[in-house]
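Chain letters run A, B, ... following the sequence lines, proteins first, then strands; residues in each count from 1.
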Amino acid sequence: MTDLILTPNLDNADDFYATLLAAHEGLTKKESDALHARLILILANHIGDNKLLEQAIEAARKAG
Amino acid sequence: MNKIFETPLYPYRRAPEQDEERIMRHKVVVVGAGPIGLAAAIDLARNDIPVLVIDDNDKVSFGSRAICFAKRPLEILDRLGAGDAMVEKGVEWELGRVFFGEREVYRFNLLPEAGHKRPAFINLQQYYFEEFLVRRLRELEAEGRPVEIRGRNKLAAIGAHEDHVTLEIDTPEGPYNLETEWLIAADGAGSPTRRMMGLDFVGKVFEDNFLIADVIMQADFPTERWFWFDPPFNRGQSALLHKQPDNVWRIDFQLGWDIDREHELKPENIDRRLRAMLGEDIRYELEWSSIYTFQCRRMETFRKGRVIFAGDSAHQVSPFGARGANSGLQDTDNLVWKLRLVIEGNAPESLLDSYDFERILAADENILNSTRSTDFITPKSEISRILRDAVLDLSAEHEFARPLVNSGRLSVPAVYDGSPLNTADALDGPAISRPGAPCPDAPLGEGFLLERLGDRFILLTIDADAPDEIEEDGITVTRLALSVRDDTTGALKRRYLGDEPSAVYLIRPDQHVAARRPSWNENLFRAAIRRATGKE
């Protein structure tokens, strides 16, 4: 079983973060919330492994 | 206006007990002549178990009510002798359309799996279904089978004893008493039997109201199912349109919990909703309208000594997925063969405990599914609405999101995993036919497998040897010998063998798998028969 990657894995962290922020530019809170929800669903489908997704949800929950 | 549901089909007649001093004891009494009570009575009567049905009414259901019948219940109805009438009259649809807000987000074609005698489901008004069942019951009565139905016989009091149940029954000519060895309470969600016995539901999960309108439409609407999330004509709620026979269209408007029933039922308000939904110029006739309230809940146990609950009296679900009448028919299918063996003295009374285990498992699965549908259709929090709307928005663009759209997961039969009647799986075969599973159908020459299984214990052999018949402590098991050579479509191999070259299946009278192995083994199969009849 593959484990959730929780060590640095992005090609270029700064670029990704800037892209994420740019996607929200000019959006209302409501529009941003909707964008986030769509993004999560797209990424979840790409991962396609419930076990991994459960680990991701758990990691997100614990870090807050 | 359809007159079927206004005609008395089993009018009140004076019963012998009303003129007798002595109290008569019946074998089985069924309370309630709805779909579940009638199915139970037909199944018992075909097996020559004497059965009396009492009902406080004398007609079929008022209005269409349950309108979607899934494949497994249709297969059960085939066995009861009512499947053809259902399928001939029913409407099949394959194209579904999903709307979100003002727009259509996607369409889907169901493309049902080939190699089954019966379709995935049909739409048919409950009153037709009940009419077919009453007709079948009358046929059995005419053949001399021990079945009787008494209209306008209302249960007034019940007394539960160790080996019988006493009943007081009200009629238009006053009350009378009778006794019965067994009582099947199929008297609906508001079950008077349940109430009188002081039993109630546990685990209320959700509640909602639906405005149901059956309209006869002049316009030629396609035979499709349309489902709306948050439509402009019913903001924040859902709506559903689908077709029934006779150009009757069922329209469901979800209303939410806190509503003004009288206001919603006013014809001008229904008319306003219909025109907003279907267009101002629509021509229609309103056949029936009603407000339907549901809760998701079940009784803690479905059996209390000699009283057994089946259908809505035992469990209730939301209408999403058509899991009400469909699961009720599977209750009686599970119950009747067990009750027959107990009454005939070929199984211990404890066999009936497995009814509780198996049908509670099914009820919990139905409640889980219909609760998930409800959570999708009516999001409970801001974030669940955001996620739901995201799924719907994505579904318009991307196929991946469509399986997440949940407007009801169609009723499929439960697999009785972990049932005390199952023998551990000894075949490396397909999961679809593992012990506890309902037998999947498969084409066999001109006919189908399920027709050949019937309603007795069967030893199904596929390219394997076994005796043609064995008897184990009063239970006769007959062999059905098949070979992949006769399996022209490959469905038998796919559904029962997988990569195995041969298999022997022990199949219960309700066509669920009890045990399976690659080959015959007398001791192991005798043990499996004992186990499947509550003797181990």
Novice: What distance do B/Ile386 atom CD1 and A/His36 atom NE2 have between them, rounded to the nearest 0.5 Å?
Specialist: 11.0 Å
Novice: How about A/Leu21: does its CG atom have over 12 heavy atoms from other parts shown lying under 6.0 Å from it?
Specialist: yes
Novice: If I take atom CZ from residue A/Arg38 and atom CG from residue B/Leu392, how far apart are they, to the nearest 0.5 angstrom?
Specialist: 12.0 Å
Novice: Looking at B/Glu224, I want to see if its CD is surrounded by more than 12 non-hydrogen atoms of other residues, nucleotides or ligands under 6.0 Å.
Specialist: yes
Novice: Heavy-atom count check: over 12 atoms from other residues, nucleotides or ligands less than 6.0 Å from B/Arg372 CZ?
Specialist: no
Novice: Look at atom CG of A/Asn12 and say whether more than 12 heavy atoms of other residues, nucleotides or ligands are closer to it than 6.0 Å.
Specialist: yes
Novice: Should the heavy atoms of other residues, nucleotides or ligands under 6.0 Å from CG of B/Asp364 be counted, would the total exceed 12?
Specialist: yes
Novice: Would you compute the distance between atom CG of B/Asp389 and atom CG of A/Asp33 and round it to the nearest 0.5 angstrom?
Specialist: 11.5 Å
Novice: Report which part of B/Asp393 has an atom under 4.5 Å of a heavy atom belonging to chain A: side chain, backbone, both, or neither.
Specialist: side chain
Novice: Of the backbone (N, CA, C, O) and the side chain (C-beta and beyond), which part of A/Ile42 lies under 4.5 Å from a heavy atom of chain B, both, or neither?
Specialist: both
Novice: Measuring heavy-atom distances to chain A, does B/Leu404 have an atom under 4.5 Å in its side chain, in its backbone, in both, or in neither?
Specialist: side chain
Novice: Quick one: NE2 on B/His398 to CG on A/Leu41, what's the gap to the nearest 0.5 Å?
Specialist: 11.0 Å
Novice: So which heavy atom on B/Ala390 is nearest to which on A/Ala34, and how close?
Specialist: CB-O, 4.4 Å
